[in-house]
Undergrad: 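My questions all concern the structure below.
Both backbone and side-chain heavy atoms feed into the values below; hydrogens, waters and symmetry mates do not. Model, not experiment: these values are computed from the prediction.
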Amino acid sequence: MSERVKGVLLGLGLGVAPLLLLDLARQLGRAAAGEPGTSTQWWSLAVYVLVGLVVALGVAMGRRERLTPAVGALVVAIAVLPGLPGTGPLTRLPVPLVADVARDLTAVVLVVLGAYAYAAIRGAKA
């Protein structure tokens with residue numbers, strides 16, 4: 001497999017993984033709100049830590065090549081842009097699951113997008 005194809009596939013994984021993990025954290029948070037005093041709230045926190053680890057891995061991969069975090073940023077941008085105000089035509093994109101995540105956790109998703117964009121712009125250390 002060529003390095004570019006591998007970079008694109010890793011970027012797709014790095015873009016989708018935080019969105020799915022954030023959806024899991026959102027669901028666990030709702031479950032914890034329904035059952036106060038249970039350990040479910042700690043699982044939600046653990047999933048947020050896992051999201052941070054995935055994003056750190058994406059930023060670290062940006063030191064080798066720019067393509068992987070750039071694809072990850074593109075995937076996250078496609079998910080978050082329909083939920084932002086002033087993006088009228090983009091609201092018709094068929095991303096139902098991640099649209100809920102992007103709407104409920106917009107700040108976190110924008111931080112993920114910013115981290116990947118930073119890694120893609122900065123690129124390899126000279």
Side-chain angles (χ1 to χ4, degrees):
M1 187 180 305
S2 75
E3 290 299 315
R4 287 189 184 249
V5 173
K6 198 182 300 184
V8 169
L9 291 176
L10 285 171
L12 287 172
L14 286 174
V16 171
L19 297 173
L20 293 177
L21 287 171
L22 287 171
D23 183 53
L24 177 62
R26 184 174 61 97
Q27 291 177 7
L28 288 172
R30 287 184 180 170
E35 302 172 16
T38 62
S39 64
T40 310
Q41 61 190 357
W42 294 107
W43 284 109
S44 179
L45 180 64
V47 172
Y48 279 114
V49 170
L50 191 57
V51 169
L53 291 173
V54 170
V55 172
L57 176 68
V59 171
M61 288 181 146
R63 290 185 169 218
R64 284 189 285 153
E65 65 176 342
R66 293 179 182 206
L67 183 62
T68 302
V71 172
L74 181 66
V75 169
V76 174
I78 288 172
V80 75
L81 286 178
L84 295 176
T87 55
L90 295 174
T91 57
R92 294 185 209 112
L93 289 175
V95 284
L97 171 73
V98 295
D100 293 341
V101 172
R103 184 185 64 244
D104 293 346
L105 302 170
T106 304
V108 178
V109 176
L110 287 176
V111 168
V112 172
L113 176 63
Y116 286 161
Y118 171 77
I121 291 169
R122 179 158 182 207
K125 272 191 151 180

Undergrad: Which heavy atom of Pro69 sits nearest to which heavy atom of Gly62, and what is that distance?
TA: CG-CA, 3.6 Å

Undergrad: Consider only side-chain heavy atoms of I, L, V, M, F, W and Y, link residues closer than 4.5 Å, and tell whether Tyr48 and Leu28 are in one cluster.
TA: yes

Undergrad: Are Leu50 and Leu10 linked, directly or through intermediate hydrophobic residues, by side-chain heavy-atom contacts shorter than 4.5 Å (ILVMFWY only)?
TA: yes

Undergrad: Identify the two heavy atoms, one from Gly15 and one from Val75, that lie closest to each other, and give their separation to 0.1 Å.
TA: C-CG1, 3.7 Å

Undergrad: Please report the closest heavy-atom contact between Leu19 and Ala79, naming both atoms and the distance.
TA: CD1-CB, 3.6 Å

Undergrad: Looking only at heavy atoms, which two atoms of Ala73 and Leu113 are closest? And how far apart?
TA: O-CD1, 3.2 Å

Undergrad: Once side-chain contact (heavy atoms from CB on, under 4.5 Å) is applied, do any residues pair with Leu9, and if so which ones, sequence neighbours excluded?
TA: Met1, Val5, Leu12

Undergrad: Hydrophobic cluster membership, with links at side-chain heavy-atom distances under 4.5 Å among I/L/V/M/F/W/Y: are Leu57 and Val109 in one?
TA: yes

Undergrad: Indicate, with yes or no, if Met61 and Val111 share a hydrophobic cluster defined by side-chain heavy-atom contacts under 4.5 Å among Ile, Leu, Val, Met, Phe, Trp and Tyr.
TA: no

Undergrad: With sequence neighbours left out, what residues match Val54 under side-chain contact (heavy atoms from CB on, under 4.5 Å)?
TA: Leu14, Ala17, Pro18, Leu21, Tyr116

Undergrad: Return the OG1 to CD distance between Thr68 and Glu3, rounded to the nearest 0.5 Å.
TA: 9.0 Å

Undergrad: Using every non-hydrogen atom in the two residues, find where Arg122 and Arg66 come nearest and quote the distance to one decimal.
TA: O-NH2, 3.5 Å

Undergrad: If you take all heavy atoms of Ser44 and Ala25, which pair is closest and at what distance?
TA: OG-O, 3.3 Å

